[in-house]
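Input: a single structure, listed below in structure tokens.
These numbers were taken from a predicted model, which means no experiment stands behind them. In this chain, residues are counted from 1 in sequence order.
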Amino acid sequence: ANYLYPQQTFNHAWETVCLNQFHDIIPGSSIGEVYVDSQRQYAEIRSSAGAAAQSALDSISSSVGGDVLLINPTSFERADLVFLPQVPPTGKILSRGSQPAAAQNVEGGILLDAGHLAPFSITPFTWADAAGTPPATGLSADRTRLENEFVRVDFSASGDIVGIYDKVAGRNVLPEGSLANQWQAFEDRPSNWDAWDIDIFYDDKLFLAEPAHSIELVESGPLRATLEIKRRILNSEYTQRI
């Protein structure tokens with residue numbers, strides 16, 4: 001088969017990955033030259049592994065058929081959303097056999113509800129004519145709320161979460177009067193080794209984010225809803241998507 005690669009190629013890739021898992025490389029405490037080398041090596045690994053994977057997929061697709069193949073490489077069933085980095089043909093929707101899959105246009109492509117994918121499975125999907133009403137997903141949202149069939153999350157005008165209601169358990173997760181989604185900063189000045197130690201008194205100085213100066217609903221379903229919150233903490237502006 002055209003997807004067979006020399007074992008030496010895979011051994012070299014794996015050995016190089018392990019080399020770059022050294023404890024000083026991962027947290028960023030090495031000197032700059034180390035990261036020049038590691039980024040180059042990771043790029044080589046990505047290229048060789050991607051070529052091997054694509055060759056294997058080309059061989060598989062010639063036997064399985066379909067316009068899009070969804071592969072579950074794990075040992076457990078999966079039903080999470082799939083991101084497809086392409087724009088669907090006009091008037092078309094992906095179908096699994098005769099069953100159309102719910103989809104949502106997002107930045108850079110589409111989100112797809114592919115249903116349950118068996119362990120170690122390859123499932124073909126085909127482009128079919130879009131017809132009928134998409135199935136309801138139970139997702140709804142506005143600038144103060146994100147809600148689906150499992151949970152409801154309420155936000156204040158500051159961007160804090162003021163309520164989380166678990167619909168399955170039938171209870172409020174947050175104690176009354178408490179807040180979630182708080183960003184906190186602390187003054188980190190240990191007595192020794194400032195790159196490593198966090199002393200017991202680190203939380204003597206606590207800083208909270210300022211109230212949000214912008215909260216927008218940037219995605220509204222049917223598969224995913226997203227609130228974009230813009231805030232400031234000390235001298236840092238940040239944008240958070242929930």
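- A 4.5 Å side-chain heavy-atom check between V68 and L84 finds at least one atom pair inside the cut-off.
- Around atom CD1 of I31, more than 12 heavy atoms belonging to other residues, nucleotides or ligands sit under 6.0 Å away.
- Contact check for D199 versus D188: no side-chain heavy atoms found under the 4.5 Å cut-off.
- Taking CG of D113 as the reference point, atom CZ of R224 lies at 13.0 Å (rounded to 0.5 Å).
- With hydrogens and angles left out, the side-chain atoms of R231 and S214 include no donor and acceptor closer than 3.5 Å.
- A chain of hydrophobic side-chain contacts below 4.5 Å, direct or via other Ile, Leu, Val, Met, Phe, Trp or Tyr residues, connects I60 to I71.
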How far apart are the C-alpha atoms of L70 and I122, what are their side-chain angles, what is the distance that settles it, and do they pass the side chain to side chain contact (heavy atoms under 4.5 Å, CB included) test? CA-CA 6 Å; L70 294 189; I122 300 173; over 6 Å; no
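- Shown here is I198, whose CD1 atom has no more than 12 heavy atoms of other residues, nucleotides or ligands within 6.0 Å.
- At distances below 3.5 Å, at least one donor-acceptor pair connects side-chain atoms of Q104 with backbone N or O atoms of L223.
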Step-by-step side chain to side chain contact (heavy atoms under 4.5 Å, CB included) determination, E228 to R143: CA-CA 9 Å; E228 182 180 83; R143 294 176 66 253; over 6 Å; no
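- Comment: R189 does not engage D194 in a salt bridge, judged by the lack of any side-chain N to carboxylate O separation of less than 4.0 angstrom.
- Counting only heavy atoms from C-beta outward, the side chains of V17 and I45 approach each other to under 4.5 Å.
- A heavy-atom distance below 4.5 Å is found between the side chains of F155 and L227.
- The minimum heavy-atom distance between I215 and A157, with the atom names listed, is CD1-O, 3.6 Å.
- A single hydrophobic cluster is not seen to contain both L139 and F150; linkage of ILVMFWY side chains at heavy-atom distances under 4.5 Å, directly or through other members, places them apart.
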If you apply the rule side chain to side chain contact (heavy atoms under 4.5 Å, CB included), what do you find for S29 with H23, and how did you get there? CA-CA 9 Å; S29 52; H23 76 89; 5.9 Å; no
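- Although no hydrogens or angles enter the test, the distance criterion places a donor-acceptor pair under 3.5 Å between the side chain of D166 and the main chain of A169.
- With rounding to the nearest 0.5 angstrom, the NE2 atom of H213 is 6.5 Å from the NZ atom of K230.
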Side chain to side chain contact (heavy atoms under 4.5 Å, CB included) between F83 and V106: does it pass, once the steps are laid out? CA-CA 9 Å; F83 174 69; V106 295; 3.8 Å; yes
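- Across all their heavy atoms, I25 and S30 have their closest contact at N-OG, 3.7 Å.
- Both L57 and V64 sit in one connected hydrophobic cluster of ILVMFWY residues. Membership requires side-chain heavy atoms under 4.5 Å apart, directly or through other members.
- The shortest heavy-atom contact between G66 and T126 is CA-CG2, 3.9 Å.
- Side-chain contact between L206 and Q184 is present, with heavy atoms from C-beta onward closer than 4.5 Å.
- Counting only N and O atoms by type, the side chains of Q182 and D160 include no donor and acceptor under 3.5 Å apart.
- For L146 against A141, the heavy-atom pair with the smallest separation is CD2-CB, 3.6 Å.
- With hydrogens and angles disregarded, a donor-acceptor distance shorter than 3.5 Å links the side chain of S156 to the backbone of S158.
- In this structure, the separation between OH on Y35 and OH on Y42 is 10.0 Å, given to the nearest 0.5 Å.
- The environment of NZ in K205 is sparse: at most 12 heavy-atom neighbours from other residues, nucleotides or ligands sit within 6.0 Å.
- The backbone N or O of S98 sits nowhere less than 3.5 Å from a side-chain atom of R96 that would complete a donor-acceptor pair.
- The backbone N or O of H12 lies less than 3.5 Å from a partner atom in the side chain of T16, making a donor-acceptor pair.
- Side chains of D58 and Q54: a donor-acceptor N/O pair is present below 3.5 angstrom, by distance only.
- A donor-acceptor contact shorter than 3.5 Å is absent between the side chain of S121 and the backbone of L117.
- Partner of E219 under the side chain to side chain contact (heavy atoms under 4.5 Å, CB included) criterion, out of N105, T226, L111: T226 alone.
- Under 3.5 Å, the side chains of N72 and T74 contain a donor-acceptor pair of N or O atoms.
- N181 places a side-chain N or O within 3.5 Å of a backbone atom of G159 that can act as its donor or acceptor partner.
- Using a cut-off of 4.0 Å between Lys/Arg side-chain N and Asp/Glu carboxylate O, K167 and E147 are scored as salt-bridged.
- Between S59 and S62, the closest heavy-atom pair is O-OG, 2.6 Å.
- At a threshold of 4.5 Å between non-hydrogen side-chain atoms, the residues S38 and N20 count as touching.
- L69 has its side chain out of reach of T123: every pair of non-hydrogen atoms, C-beta onward, lies at least 4.5 Å apart.
- Here the side chain of N172 pairs no donor or acceptor atom with the backbone of L174 at under 3.5 angstrom.
- Ring planes of W183 and Y238: parallel class, angle under 30° (limits at 30 and 60°).
- Following chains of ILVMFWY side-chain contacts shorter than 4.5 Å, one can reach I110 starting from F125, so the two form part of one hydrophobic cluster.
- Atom CG in L217 sits 9.5 Å away from atom CZ in R145 (nearest 0.5 Å).
- With hydrogens and angles disregarded, no donor-acceptor distance shorter than 3.5 Å links the side chain of Y165 to the backbone of D154.
- Atom-to-atom distance recorded for S75:OG and F120:CZ is 5.0 Å, nearest 0.5 angstrom.
- The minimum heavy-atom distance linking Q86 with W127 is given by the pair NE2-CZ2, 3.6 Å.
- Between I242 and I229 the shortest side-chain heavy-atom distance falls below 4.5 Å.
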